[in-house]
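Please read through the structure below; I'll follow up with questions.
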2 protein chains.
Amino acid sequence: MFAATQPVAKTLEPCGTPDHEDCGLRLTLDRLGEKWTVMVIAELSTGPRRYREIERALSGVTQRMLTLTLRRLERDGLVDRHVEPTNPPSVTYSLTTHGLGFSAITAGLVEWSREHKDVILASREAYDGRGKG
Amino acid sequence: MFAATQPVAKTLEPCGTPDHEDCGLRLTLDRLGEKWTVMVIAELSTGPRRYREIERALSGVTQRMLTLTLRRLERDGLVDRHVEPTNPPSVTYSLTTHGLGFSAITAGLVEWSREHKDVILASREAYDGRGKG
DNA sequence: CCGTATCCCAAGTGATACTG
DNA sequence: CAGTATCACTTGGGATACGG
């Protein structure tokens, strides 16, 4: 009960310096900031999926964006792409070991978001409700 | 050693559905995706700071972006803004209890990023190095 | 000291059409 | 099935100048 008024999360400090680029945080945030990344990771976190399966799971995604997202995740070594040379071809995506660790991080994010959704929304309403007395 | 080939992070699945907007993940990701959010949180994670102190700590930030970032964090209830009506005025920012929890989440992100920076960079180089034999 | 107001550009994204 | 190509739009963010 004493920590609330006096924050003590030293872990974060080294990345607030001018040298923050060097700590690699931007690499992660750039990926995370993209619209479909977490949902793709989420879909793959329960097992390998084919392109079409991911597309169907992510309501609203365009082929362009799905492919872009998958390519970037593959480039960063988070996702593995396997092509079965049938006709028509069958392409399967899965998380790498590296990607699996990433999915654990995002899982914490998802959980926190779900738990604090209402707090955030309420806070916004209160904030926006100012302007008169 | 058995988990690497068969991912099992069920926690993520509910947010990959078409109803993903409802889980509040987007609220968190929108904030996180912004360029200066994590660095502001990082700076405040070790204690309250005045506007000018944050500005100096975040090399390269403009007043416009710093103010924008702080306002959005305040609106979401993550940061508290305290004005001391001196002349000239003194404004102090600090993490709320809510924000402190958020900083814990981002701390995990920072740590993971630092540990995997090299893996990501190497993976990119390997990926980009394709095109010939 | 602590902001706000404008302008402007680049990047992320969506829509749509086409292909091996 | 699994993409690629093109275009057009919207938003984030930097530069700069001004104000209480």
Side-chain angles (χ1 to χ4, degrees), chain A residues 18 20-21 25-41 43-44 48-76 79-94 127 130-131, chain B residues 18 20-21 25-41 43-44 48-76 79-94 127 130-131:
Chain A
H20 62 268
E21 300 290 348
L25 179 59
R26 187 63 55 200
L27 299 175
T28 306
L29 289 181
D30 282 351
R31 221 42 61 239
L32 225 42
E34 290 158 7
K35 188 165 182 180
W36 303 98
T37 296
V38 175
M39 279 180 290
V40 168
I41 295 286
E43 185 60 24
L44 294 180
R49 292 284 186 282
R50 293 185 56 174
Y51 182 89
R52 210 55 166 67
E53 293 180 301
I54 307 175
E55 191 184 359
R56 271 189 290 261
L58 273 54
S59 178
V61 74
T62 59
Q63 290 189 318
R64 168 184 150 77
M65 283 318 296
L66 180 55
T67 301
L68 257 182
T69 304
L70 286 168
R71 288 291 179 277
R72 297 197 269 227
L73 289 174
E74 187 194 0
R75 187 167 106 102
D76 283 3
V79 158
D80 183 60
R81 179 171 180 267
H82 175 77
V83 181
E84 203 63 40
T86 55
N87 194 305
S90 163
V91 181
T92 305
Y93 294 90
S94 59
Y127 185 93
R130 296 164 204 169
Chain B
H20 62 268
E21 299 290 349
L25 179 59
R26 187 63 55 201
L27 299 176
T28 306
L29 289 181
D30 281 351
R31 221 41 63 235
L32 225 41
E34 288 157 6
K35 187 166 181 180
W36 303 99
T37 297
V38 175
M39 279 180 287
V40 167
I41 295 286
E43 185 58 26
L44 295 180
R49 291 285 186 282
R50 291 185 58 174
Y51 182 88
R52 208 56 166 66
E53 293 181 302
I54 306 174
E55 191 184 0
R56 271 188 290 260
L58 273 55
S59 179
V61 73
T62 59
Q63 290 190 318
R64 169 185 147 77
M65 285 318 296
L66 180 54
T67 302
L68 256 182
T69 304
L70 285 167
R71 290 290 178 279
R72 296 197 269 227
L73 290 174
E74 188 193 359
R75 188 167 103 103
D76 283 3
V79 158
D80 183 59
R81 179 172 181 265
H82 175 76
V83 182
E84 203 64 39
T86 55
N87 193 305
S90 163
V91 182
T92 304
Y93 293 91
S94 59
Y127 185 94
R130 296 165 202 168

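Lettering of chains follows the sequences in order, A, B, ..., and the numbering in each one begins at 1.
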(request) Figure out the CD/C1' separation between B/E53 and C/dG3, and round it to whole Å. (result)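 After rounding, the gap between these two atoms is 16 Å.
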(request) For the pair B/R56 and B/E53, find out whether any cationic side-chain nitrogen is under 4.0 Å from an anionic carboxylate oxygen. (result)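 No, B/R56 and B/E53 are not salt-bridged.
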(request) Using a 4.0 Å cut-off on protein heavy atoms (strictly under), produce a 5'-to-3' string for nucleotides 8-20 of chain C with B for base contact, S for backbone-only sugar-phosphate contact, and - for none. (result) -----BBB-----
(request) Determine to 10° how strongly the helix from C/dC1-D/dG20 to C/dG20-D/dC1 is bent, judged from the axes of its five-pair ends. (result)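 End axes: 50° apart.
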(request) Dump the intermediate steps for side chain to side chain contact (heavy atoms under 4.5 Å, CB included) on B/Y93 and B/L44, then the final yes or no. (result) CA-CA 8 Å; B/Y93 293 91; B/L44 295 180; 4.2 Å; yes
(message) Under 4.0 Å from OP1 or OP2 of D/dA2: is there any side-chain N or O of A/R52 that close?
(response) no
(message) Testing B/D76, B/T69, B/T37 one by one against B/R31 for a side-chain hydrogen bond (donor to acceptor under 3.5 Å, both in side chains), which residue passes?
(response)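 The side-chain hydrogen bond (donor to acceptor under 3.5 Å, both in side chains) with B/R31 is passed solely by B/D76 among B/D76, B/T69, B/T37.
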(request) Report yes if at least one side-chain N or O of B/R56 is closer than 4.0 Å to OP1 or OP2 of C/dC2; otherwise report no. (result)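 Answer is no, no contact under 4.0 Å.
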(request) Rounded to the nearest angstrom, tell me the gap between atom CZ in B/R49 and atom P in C/dC2. (result)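 Whole-Å distance recorded here is 14 Å.
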(request) Could you check how far CG of B/D30 sits from C1' of D/dT10, rounded to whole Å? (result) 14 Å
(request) State which of D/dA2, D/dG3, C/dG3 makes the closest approach to the side chain of A/Y93. (result) D/dG3
(request) Mind calculating the distance between CG (A/N87) and P (D/dA2) to the nearest angstrom? (result)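 For the pair A/N87 CG and D/dA2 P, the rounded distance is 12 Å.
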(request) Measure from CG on B/L66 to C1' on D/dT16 and round the result to the nearest Å. (result) 17 Å
(message) Please report the distance, rounded to the nearest Å, between CD1 in B/I54 and C1' in C/dG3.
(response) 13 Å
(message) Counting only side-chain heavy atoms from C-beta out, which of C/dG3, D/dT4, D/dA2 sits nearest to A/R71?
(response)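 Nearest to the side-chain atoms of A/R71, counting from C-beta on, is D/dT4.
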(message) Please determine whether side chain to side chain contact (heavy atoms under 4.5 Å, CB included) holds for the pair B/Y51 and B/Q63, giving the CA-CA distance in whole Å, both sets of side-chain angles, and the decisive distance to 0.1 Å.
(response) CA-CA 9 Å; B/Y51 182 88; B/Q63 290 190 318; 3.5 Å; yes
(request) Provide, to the nearest angstrom, the distance between the CE atom belonging to B/M39 and the C1' atom belonging to D/dG13. (result) 13 Å
(request) Indicate yes or no: at least one non-hydrogen side-chain atom of B/P89 is less than 4.5 angstrom from one of B/E84. (result) no
(request) Starting at CE of A/M65, measure out to OG1 of A/T67 and round the result to the nearest 0.5 Å. (result) 9.5 Å
(message) Would you say that B/V40 contacts B/L73 through its side chain, given a criterion of any heavy-atom pair below 4.5 Å between the two side chains?
(response)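 Yes; the side chains approach each other to less than 4.5 Å.
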(request) Kindly compute the distance separating CE (B/M39) from OG (B/S59), expressed to the nearest 0.5 Å. (result) 9.5 Å
(request) May I ask you to decide if A/R71's main-chain N or O and A/R81's side chain share a donor-acceptor pair within less than 3.5 Å? (result)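 It does not hold such a pair.
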